[in-house]
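Worksheet: the structure to be examined is printed underneath.
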Amino acid sequence: MKLLHLILAVLVFAGPPAVSETIATGDLGLVIERASGSVLLVDQSDRAALARIEGLGDLSHASLVYSPDQRFAFVFGRDGGLTKVDLVERRIAGRVIQAGNSIGGAISDDGALVAVSNYEPGGVRVFDVDTLEIVADIPTGSKTIGLVDAPGRRFVFSLWDADETWIADLSGETPQITKIAGIGENPYDALITANGRFYIAGLFGEDGLTALDLWSETPEPTHVLAGYGRGEEPLPVYKMPHLEGWALTGIEFVLPAVGRHEVLWVDARDFKETGRTATYGQPVFAMARPDGRQVWVNFAHPLNDTIQVIDTVTKEVVHMFKPGPAVLHMEFTPRGHEVWVSVPDAGKIMIYDTQTFEKRGEIDAESPSGIFFTARAHRMGL
C-alpha cells in the first residue's frame with residue numbers, strides 16, 4: 001500500500017505527460033503567389049508571414065477552400081492541378097492534375113468531397129478530400145463556371161457555352177443531375193447566398209443576372225436587372241467582376257456593373273433595383289465588411305491602383321485611396337476590424353484599419369493575388 005501511495009505521489013508531482021506543440025489554425029490564412037506557384041501562410045493577429053509552400057503549379061487564376069477543421073486547404077490551379085495543403089505541417093499533402101484548365105472549386109457541406117470546375121475538357125470532377133481519388137466525373141460539353149456548394153451535399157454550377165445551370169446532388173450512391181435551362185447568354189460567374197437559398201449568375205452576353213431559388217422543388221430562372229445598361233454604350237471590359245465579391249448588406253445586394261463605372265443596389269427580397277453609385281472605375285470586387293456597414297470596391301485596369309469605400313446607409317463614397325499599383329484582392333478579418341489588400345506589382349500585402357482607414361502593416365509577398373483566411377471554412381460558397 002505504501003508503494004502504491006509513493007507511485008501516486010510521483011505521478012501527481014511529475015505533472016501531466018509531455019504533449020506535442022499545439023498549433024491553432026483559426027487565425028491563419030493563405031495568400032496565392034501567382035507568379036511563383038507558391039502560397040504564403042500568414043497569421044492575422046501578428047500580421048506576419050509564417051512560411052512559403054512551393055510547388056503548386058500554375059496559380060495565375062487560383063482559388064482555394066478549407067476543410068471544416070481548418071487544417072487543410074484545397075487549391076485550384078489554372079493548370080488543372082488540385083493541391084491539398086497541410087497548414088499545420090506547412091507542406092503539400094497531396095496533388096493531382098485532374099484537367100487541362102480549371103477555374104475554381106468548392107467543398108461539400110459535410111467536408112467530405114471537393115469539386116473542381118473545368119474549362120478544358122469542361123465539366124466538373126469530384127474528389128475524396130482524404131485521398132484525392134476521383135469519386136464522380138460530370139461531363140457537360142461546355143466550360144463550367146460559378147461552381148458553389150449548396151446544402152445537402154450538392155454542387156451548383158453554370159455552363160458558359162449553354163443556357164443552363166446544373167445542380168449535382170451527391171448525397172446518394174450516384175450523382176443526380178438537375179438541368180435548368182433559360183439562364184441567359186454566357187454566364188461568367190456566380191454566387192450563392194449565405195443561407196444557401198439563392199444562386200445568382202452574372203451574364204456576360206447580355207445585361208442582367210439570373211437568380212434560382214434552391215429552396216423550390218423545381219427551381220425556375222428569374223431574370224434580374226435585365227437591360228440595366230440599355231441605351232448606354234458599354235465600355236471595354238478589361239477584367240470581369242468576381243461575383244464571390246458581391247456584397248449583401250442588410251436587405252440589399254451591391255453588384256459590380258459589367259462594363260460600367262458604377263455599382264448597382266438590388267433589394268434581396270424581390271431583386272428589384274434600388275439605386276446606383278458612380279465609382280472611380282469598372283468594379284472588380286465590391287465586398288461588404290462583415291457587419292455590412294461598408295462596401296470596399298477595387299477596379300479593373302487601367303484604374304486598378306485605387307480603392308473606394310461606400311457607406312451602405314447613404315450609398316455614397318466616404319473614402320478613396322491608392323494602396324499601390326494593381327490592387328487585386330481584398331479579404332476582411334472575420335469580424336471586419338481590418339482588411340488585407342494584395343498589391344502584386346508592389347510585391348506587398350497591405351493591411352488597413354476599416355474604421356480609421358489607417359495602414360496597420362504590410363507583408364512582403366511574391367506577386368500576391370487571392371487572400372483566404374481560414375474562417376472561410378465555415379461559410380457557404382467560400
Side-chain angles (χ1 to χ4, degrees), residues 61-63 65 76-80 82 98-108 113-127 134-170 174-193 196-214 216-226 237 239-246 255-256 258-259 271 380-382:
H61 189 288
S63 62
V65 295
F76 312 105
R78 197 60 187 258
D79 58 359
L82 169 61
Q98 56 82 44
N101 186 345
S102 56
I103 196 68
I107 190 167
S108 60
L113 303 173
V114 61
V116 190
S117 177
N118 294 313
Y119 270 12
E120 177 60 44
V124 169
R125 288 176 174 159
V126 185
F127 299 84
I134 191 166
V135 298
D137 189 356
I138 307 171
T140 61
S142 168
K143 296 177 181 178
T144 56
I145 59 87
L147 172 65
V148 301
D149 56 290
R153 225 188 199 196
R154 294 180 298 166
F155 296 103
V156 188
F157 51 92
S158 296
L159 279 55
W160 167 268
D161 304 295
D163 184 15
E164 293 181 343
T165 292
W166 291 14
I167 302 172
D169 185 335
L170 283 94
T174 58
Q176 301 298 310
I177 308 298
T178 301
K179 302 178 182 180
I180 302 167
I183 297 303
E185 186 177 353
N186 296 131
Y188 69 87
D189 202 358
L191 65 83
I192 189 169
T193 52
R197 179 168 186 176
F198 292 106
Y199 176 86
I200 304 173
L203 306 176
F204 184 71
E206 58 185 277
D207 286 342
L209 313 94
T210 303
L212 293 175
D213 186 348
L214 301 180
S216 171
E217 289 294 325
T218 56
E220 297 289 339
T222 299
H223 294 280
V224 181
L225 297 177
V237 178
K239 184 172 178 61
M240 293 300 294
H242 279 252
L243 304 199
E244 181 188 297
W246 288 5
L255 314 174
V258 178
F271 296 103
M380 195 175 307
L382 297 180

side-chain contact (heavy atoms from CB on, under 4.5 Å) between Leu203 and Glu185, worked out = CA-CA 6 Å; Leu203 306 176; Glu185 186 177 353; 6.0 Å; no
Least distance between heavy atoms, [X] atom then [Y] atom:
X      : Y      : answer
Pro219 : Ile167 : CG-CD1, 4.3 Å
Val126 : Phe155 : CG1-CE1, 4.3 Å
Tyr188 : Phe204 : CD2-N, 3.5 Å
Asn101 : Arg78  : OD1-NE, 2.7 Å
Gly152 : Asp169 : O-OD1, 3.9 Å
Ala201 : Ala190 : CA-CB, 3.9 Å

Contact check, side chains of Ser158 and Ile145, non-hydrogen atoms, under 4.5 Å = yes
State, yes or no, whether a side-chain contact exists between Leu212 and Ile183 at a heavy-atom distance under 4.5 Å.
-> yes
Quick one: pull up [atom1] in [X] and [atom2] in [Y] and give me the separation to the nearest 0.5 Å.
X      : Y      : atom1 : atom2 : answer
Leu113 : Phe127 : CG    : CZ    : 11.0 Å
Asp189 : Leu209 : CG    : CG    : 11.0 Å
Leu159 : Asn186 : CG    : CG    : 11.5 Å
Arg197 : Ile192 : CZ    : CD1   : 12.0 Å

Is there a donor-acceptor pair closer than 3.5 Å between any side-chain N or O of [X] and the backbone N or O of [Y]?
X      : Y      : result
Ser142 : Thr144 : no
Asp213 : Phe198 : no
His61  : Gly104 : no

Those residues at least two apart in sequence (or on a different chain) that pass side chain to side chain contact (heavy atoms under 4.5 Å, CB included) with Asn118 are Gln98, Ala99, Ser102, Val116, Arg125
Before giving the answer on side-chain contact (heavy atoms from CB on, under 4.5 Å), spell out for Phe271 and Ile200 the whole-Å C-alpha distance, their side-chain angles and the decisive distance to 0.1 Å.
-> CA-CA 11 Å; Phe271 296 103; Ile200 304 173; 3.8 Å; yes
Evaluate the criterion side-chain contact (heavy atoms from CB on, under 4.5 Å) for residue pair Val65 and Phe76; output intermediate values, then yes/no.
-> CA-CA 9 Å; Val65 295; Phe76 312 105; 3.8 Å; yes
Name the one of Thr178, Val156, Ile138, Ile180 that satisfies side chain to side chain contact (heavy atoms under 4.5 Å, CB included) with Trp166?
-> Ile138
With side-chain contact (heavy atoms from CB on, under 4.5 Å) as the test, would you mind laying out the steps for Thr210 and Tyr199 before giving the verdict?
-> CA-CA 8 Å; Thr210 303; Tyr199 176 86; over 6 Å; no
